[in-house]
Undergrad: 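Let me begin by handing over the structure; questions about it come next.
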Amino acid sequence: MRYSKLLIPTLKEDPAEAEVISHKLMVRAGMIRKVAAGIYTYLPLGWRTVRKVAEIIRQEMDGAGAQEIMMPAVQPADLWIQSGRWDFYGKELLRFKDRHDNEFCIAPTAEEVITDLAKREVKSYRQLPMNLYQIQTKFRDEIRPRFGLMRGREFIMKDAYSFHKDVKSAEEEYWNMYETYKRIFTRCGLDFRAVEADTGNIGGSFSHEFMVLAETGEDFIASCDSCDYAANVEKAECRPPEPIDPSRQPREMLEEEVAELPIEEVSTPGKKTVEEVAEFLHVPLKKIVKTLIYKFTESSGDKAVAVLVRGDHEVNEIKLKKVLTEFLWHKEQELILADKETVEEVTNAPPGFAGPVGLKGPTWVATIADHAVANMSNFITGANEADTHFKNVNIRDFMVAGYFDLRKITPGDPCPKCGTGKIEIFKGIEVGHIFMLRTKYSEAMKCTFLDEDGAEKPMIMGCYGIGVSRTAAAAIEQNNDKNGIIWPAPIAPYEVIVLPLNMKNEAIKNAAQEIYEELKKAGVEVLLDNREDVSAGNKFKDADLIGFPVSVVVGEKNLKDGFVEVKRRSTGEALKVPVSEAARKTGEIIDEEKSTVGRKRPFNS
RNA sequence: CGGGGCGUAGCGCAGCCUGGUAGCGCACACGGUUCGGGACCGUGGGGUCGAAGGUUCAAAUCCUUUCGCCCCGACCA
């Protein structure tokens with residue numbers, strides 16, 4: 001392709017609206033343009049990269065036995081009502097009515113349509129297992145789209161759904177997809193980890209996320225420094241301190257054995273946060289118990305629950321939700337930190353002075369505590385009175401409905417898997433997610449088959465997503481320098497750019513043209529920067545900004561002696577090669593760039 | 001939805017406080033000189049100052065409303 005024919009509107013300056021590097025560089029390199037918040041047009045270069053990511057996904061999915069299909073983006077409400085998600089999904093689901101006043105949505109994901117398809121077309125165990133996928137535009141009306149393609153509202157996703165006659169088959173496919181995803185992201189040249197994850201809105205029984213490690217990631221990953229354990233912080237379980245002590249009886253095992261002292265009131269004027277209290281009373285955060293009042297709604301009205309965690313810990317709301325539903329039988333809706341009024345009602349004090357001693361009020365249902373609290377003694381809590389805390393509080397002083405894993409894992413915690421390693425926290429960008437759905441959708445939508453024994457059974461399902469456009473952005477987050485993008489060769493919009501530095505010099509023009517033709521013939525994806533009246537400096541800057549893995553520089557000085565320069569974007573390393581050798585050498589280098597991608601970074605190590 | 005910020009030429013911005021000719025750099029077009037790391041000279045085109053209403057002789061500027069965008073938070077297959 002000739003540069004002059006392509007729409008590549010590069011910019012010298014960062015766009016004012018962009019914050020993260022991938023967003024800035026994609027706009028500057030002329031790959032995307034914004035149409036509305038979280039909604040983008042892909043320009044020729046951006047689209048080529050997206051297509052290349054998609055092609056890698058296709059090859060690997062097809063190779064793994066999946067079949068590509070295409071489902072509608074606009075989906076009827078009644079399928080979503082059948083699955084129960086029409087009510088459950090909330091505002092993120094973009095809904096509208098057609099001219100007949102029938103309700104529709106723009107699909108954020110396609111479990112409903114695919115389950116309906118399987119229900120209609122698959123009758124027998126003989127047709128199973130089956131894995132169907134599509135690569136398609138999705139829409140999620142995110143509360144706050146941001147960071148360009150990293151969190152768009154409209155984005156391109158590969159979503160796959162598998163159907164099985166039994167759990168064993170489904171689990172086999174799950175791990176088949178797990179391995180397939182590893183190959184896909186490795187081929188894309190990404191440094192990533194597969195981590196255990198929460199199942200969120202999609203539901204189901206277990207799940208892994210594929211995380212690209214990057215500082216701009218919005219997810220936190222807990223990873224063990226000695227074993228292969230890695231999990232989303234949302235999911236990572238905290239090993240209860242020894243001894244595991246649900247009954248709270250044996251006091252003799254406490255890490256710090258001291259006699260329980262009598263409870264004592266202390267004045268703490270204006271000291272609301274744990275940090276302020278710790279500083280004011282000259283005690284470590286670990287000696288304080290935080291009391292957080294959470295509010296949720298159930299059929300009988302608003303309820304409040306008090307949650308106790310150690311001062312240096314933070315509540316993991318996903319775990320809290322789970323505890324509320326699974327152990328306390330509250331089917332909560334919209335769990336939120338309680339507002340001022342609720343706090344005052346439950347604690348009889350302004351926010352900032354809540355404590356577990358003497359909670360009351362009609363909405364208060366229970367006090368629950370994190371495991372770590374069970375092993376504390378003579379700690380500090382709020383006194384449920386303005387400007388006052390209690391010292392030497394002990395478990396004897398209040399009622400706890402139970403001890404659960406309620407906190408976020410923190411760096412230095414013991415690994416929940418091996419127990420000996422320490423947890424480290426990394427930031428990551430979620431580019432893929434695989435779920436074991438089991439029968440969540442097949443039961444709701446009556447998607448059944450006849451098994452060998454003639455019994456009608458719901459299909460066992462799995463689902464597997466990859467953010468295609470996000471993967472492209474994540475690759476940039478990981479591969480860039482001050483001059484621009486450094487594309488991993490397999491997903492670069494073009495593999496090679498040929499730079500004739502002066503188009504008015506016939507010898508340069510002809511040599512560049514020749515090398516370009518030869519590369520094209522050899523099947524290399526090559527772009528010829530044939531722009532007239534663009535200075536050498538500009539061509540270099542644009543080539544670096546866009547990030548072509550290899551450039552062939554055809555300039556006067558070298559060409560006089562019959563040479564051109566073949567340069568790698570990743571290392572800056574430049575080879576002087578004879579014109580006649582240029583195409584061959586370039587081909588070799590690009591092959592090497594493509595084949596070494598991913599190899600330098602061992603998976604999960 | 002809460003807090004903060006911003007809407008002036010395609011992009012990046014100044015002008016607004018203190019009302020009176022809409023400006024700068026880049027980009028774009030034409031002519032010329034340049035041509036290995038974002039060249040230079042000259043000429044030129046391009047703006048309902050986000051929108052609506054108000055105050056005023058006069059509004060980009062002051063007031064009100066509204067829309068959009070960005071950041072932080074809550075939220076998120």
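Letters go in sequence order (proteins before strands), and every chain restarts at 1. As the structure is a computational prediction, the values presented were derived from the model and not from experiment.
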Undergrad: Partner of B:G12 by Watson-Crick or G-U wobble geometry, both contacts under 3.5 Å, or none?
TA: B:C24
Undergrad: Starting at CE of A:M503 and ending at C1' of B:U34, how long is that distance when rounded to a whole Å?
TA: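 Atom-to-atom, A:M503 to B:U34, this comes out as 17 Å.
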Undergrad: If I pick the C1' atom on B:U33 and the same atom on B:C24, what distance separates them, to the nearest angstrom?
TA: 26 Å
Undergrad: Write down the partner of B:C35 under the Watson-Crick or G-U wobble criteria, each distance required to be under 3.5 Å.
TA: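 Its partner: none found.
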Undergrad: Counting any heavy atom closer than 4.0 Å, what does A:E234 reach on the DNA or RNA strands: base, sugar-phosphate only, or nothing?
TA: nothing
Undergrad: A:K408 pairs by salt bridge (Lys or Arg N to Asp or Glu O under 4.0 Å) with which of A:E314, A:E234, A:E317, A:E237?
TA: A:E314
Undergrad: Any N or O donor-acceptor pair under 3.5 Å from the base of B:G36 to the side chain of A:E565?
TA: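 Under the 3.5 Å cut-off, the side chain and the base do form a donor-acceptor pair.
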Undergrad: Which whole-number value in Å describes the distance from A:K509 NZ to B:C35 C1'?
TA: 15 Å
Undergrad: I want to verify a distance call: between B:C76, B:G38, B:C69, whose nearest atom is closest to the A:E17 side chain?
TA: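 Of B:C76, B:G38, B:C69, B:C69 is nearest to the side chain of A:E17.
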Undergrad: Looking at B:A74, B:C69, B:G12, which one has an atom nearest to any side-chain atom of A:A16?
TA: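 Nearest listed nucleotide: B:G12.
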Undergrad: Out of B:G38, B:C70, B:C76, which nucleotide sits closest to the side chain of A:R151?
TA: B:C76
Undergrad: Is the terminal nitrogen or CZ of A:K34 (NZ for Lys, CZ for Arg) located under 6.0 angstrom from the six-membered ring centre of A:Y40 and within 45° of that ring's axis?
TA: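 No - A:K34 does not lie over the ring of A:Y40 by the 6.0 Å and 45° rule.
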Undergrad: In whole angstrom, give me the gap between the P atoms of B:G37 and B:U43.
TA: 28 Å
Undergrad: What's the CZ-P distance between A:R569 and B:G37, to the nearest Å?
TA: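 Rounded to the whole Å, the gap is 17 Å.
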Undergrad: On a whole-Å scale, what distance lies between the C1' atoms belonging to B:A14 and B:U61?
TA: 13 Å
Undergrad: Stepwise, does the salt bridge (Lys or Arg N to Asp or Glu O under 4.0 Å) test hold for A:E60 with A:R183?
TA: CA-CA 7 Å; A:E60 294 296 338; A:R183 285 196 298 276; 2.9 Å; yes
Undergrad: Rounded to whole angstroms, how far apart are CD on A:E92 and C1' on B:C75?
TA: 8 Å
Undergrad: Identify which nucleotide among B:C70, B:C26, B:A74 has an atom closest to any side-chain atom of A:K12, counting heavy atoms from C-beta outward.
TA: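 Of all the options, the side chain of A:K12 is nearest to B:C26.
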Undergrad: Answer yes when A:R438 and A:E171 have at least one side-chain N-carboxylate O distance shorter than 4.0 Å, and no when they do not.
TA: yes
Undergrad: Compare the minimum distances between each of B:G36, B:G37, B:C72 and the side chain of A:F147, then state the nucleotide with the smallest one.
TA: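 Selected nucleotide: B:C72.
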Undergrad: Could you state the CG-C1' distance from A:L292 to B:A74, rounded to the nearest angstrom?
TA: 15 Å
Undergrad: Tell me whether the side-chain N/O atoms of A:K504 come closer than 4.0 Å to OP1 or OP2 in B:C35.
TA: no
Undergrad: For B:C76, give the paired nucleotide (Watson-Crick: N1-N3 plus N6-O4 or O6-N4; G-U: N1-O2 and O6-N3; both under 3.5 Å), or none.
TA: none
Undergrad: Could you pick out which residue, A:P108 or A:G38, lies toward the 5' side of RNA chain B when each is mapped onto its nearest nucleotide?
TA: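 Its nucleotide being nearer the 5' end, the pick is A:G38.
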Undergrad: Please evaluate residues A:R531 and A:D542 with respect to the criterion salt bridge (Lys or Arg N to Asp or Glu O under 4.0 Å), reporting the C-alpha separation (whole Å), side-chain torsions for both, the decisive distance (0.1 Å), and the verdict.
TA: CA-CA 12 Å; A:R531 289 176 296 173; A:D542 278 339; 3.2 Å; yes
Undergrad: May I ask you to evaluate whether A:R146 reaches the phosphate of B:C72, defined as a side-chain N or O under 4.0 Å from OP1 or OP2?
TA: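 Yes.
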Undergrad: Do we see a donor-acceptor contact under 3.5 Å between the side chains of A:S207 and A:H433?
TA: yes
Undergrad: Using the C1' atoms only, state how far B:G19 lies from B:A27, rounded to an integer number of Å.
TA: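 My reading of the C1' atoms in B:A27 and B:G19 gives 33 Å.
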Undergrad: For nucleotides B:G20 and B:A58, find the distance between their P atoms and express it as a whole number of Å.
TA: 14 Å
Undergrad: Heavy-atom nearest nucleotide on RNA chain B for A:D533 versus A:K34: which residue maps closer to 5'?
TA: A:D533
Undergrad: Separation of A:E314 atom CD from B:G73 atom P, in whole Å?
TA: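 After rounding, the reported distance stands at 12 Å.
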Undergrad: Rounding to the closest angstrom, what is the interatomic distance between B:G46 and B:A22 at atom C1'?
TA: 13 Å
Undergrad: Considering just the side-chain nitrogens and oxygens of A:S535, establish if one lies under 4.0 Å of OP1 or OP2 belonging to B:A39.
TA: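 Answer yes for this pair, as a side-chain N or O of A:S535 is under 4.0 Å from OP1 or OP2.
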Undergrad: What interatomic distance, in whole Å, is found between P of B:G12 and the corresponding atom of B:C69?
TA: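 It comes out at 15 Å once rounded to the nearest Å.
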Undergrad: Is it the case that B:G37 (base atoms only) and A:D544 (side chain only) share a donor and an acceptor within less than 3.5 Å, ignoring hydrogens and angles?
TA: yes
Undergrad: Under 4.0 angstrom, heavy atoms only, what part of the nucleic acid is A:M157 near: base, sugar-phosphate, or nothing?
TA: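 Base: the residue A:M157, judged by heavy atoms under 4.0 Å, touches a nucleobase.
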Undergrad: According to the Watson-Crick and G-U wobble definitions, with both distances under 3.5 Å, which nucleotide is paired to B:C69?
TA: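 Its partner is B:G5.
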Undergrad: How many Å lie between CG on A:L11 and P on B:G25, as a whole number?
TA: 19 Å
Undergrad: Which is true for A:N505 with a 4.0 Å heavy-atom rule: it touches a base, it touches only sugar-phosphate, or it touches nothing?
TA: nothing
Undergrad: Is A:R95 positioned over the aromatic face of A:W86, cation under 6.0 angstrom from the ring centre and no more than 45 degrees off axis?
TA: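 Yes, A:R95 and A:W86 form such a contact.
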Undergrad: Among side-chain atoms of A:Y181 and A:H208, is any donor-acceptor pair under 3.5 angstrom?
TA: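 A:H208 and A:Y181 do not have a side-chain donor-acceptor pair below 3.5 Å.
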Undergrad: Does B:G19 have a Watson-Crick or wobble mate here (both distances under 3.5 Å), and if so which one?
TA: none
Undergrad: For B:A74 versus B:C28, give the span between their C1' atoms, rounded off to a whole number of Å.
TA: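 Straight-line distance between the two C1' atoms is 45 Å.
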Undergrad: Is a side-chain donor-acceptor pair under 3.5 Å present for A:E112 with A:S83?
TA: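 Distance-only check passes for A:S83 and A:E112.
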Undergrad: Is A:R144 close enough to B:C72 that one of its side-chain N or O atoms is under 4.0 Å from OP1 or OP2 there?
TA: yes
Undergrad: Quick one: A:D529 CG to B:G36 C1', roughly how many Å, whole number?
TA: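 These atoms are roughly 14 Å apart.
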Undergrad: Given that both distances must come in under 3.5 Å, which nucleotide forms a Watson-Crick or G-U wobble pair with B:A29?
TA: B:U43
Undergrad: When both hydrogen-bonding distances must be under 3.5 Å and the geometry is Watson-Crick or G-U wobble, what is B:C62 paired with, if anything?
TA: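 Partner of B:C62: B:G54.
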Undergrad: Across the strands shown, which category fits A:R28 at heavy-atom distances under 4.0 angstrom: base, sugar-phosphate, nothing?
TA: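 Base contact - A:R28 has a heavy atom under 4.0 Å of at least one base atom.
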Undergrad: Are A:N538 and B:A39 close enough that a side-chain N or O sits under 4.0 Å from OP1 or OP2?
TA: yes
Undergrad: Looking for any heavy atom pair under 4.0 Å, which part of the strands does A:E13 touch: base, sugar-phosphate only, or nothing?
TA: base
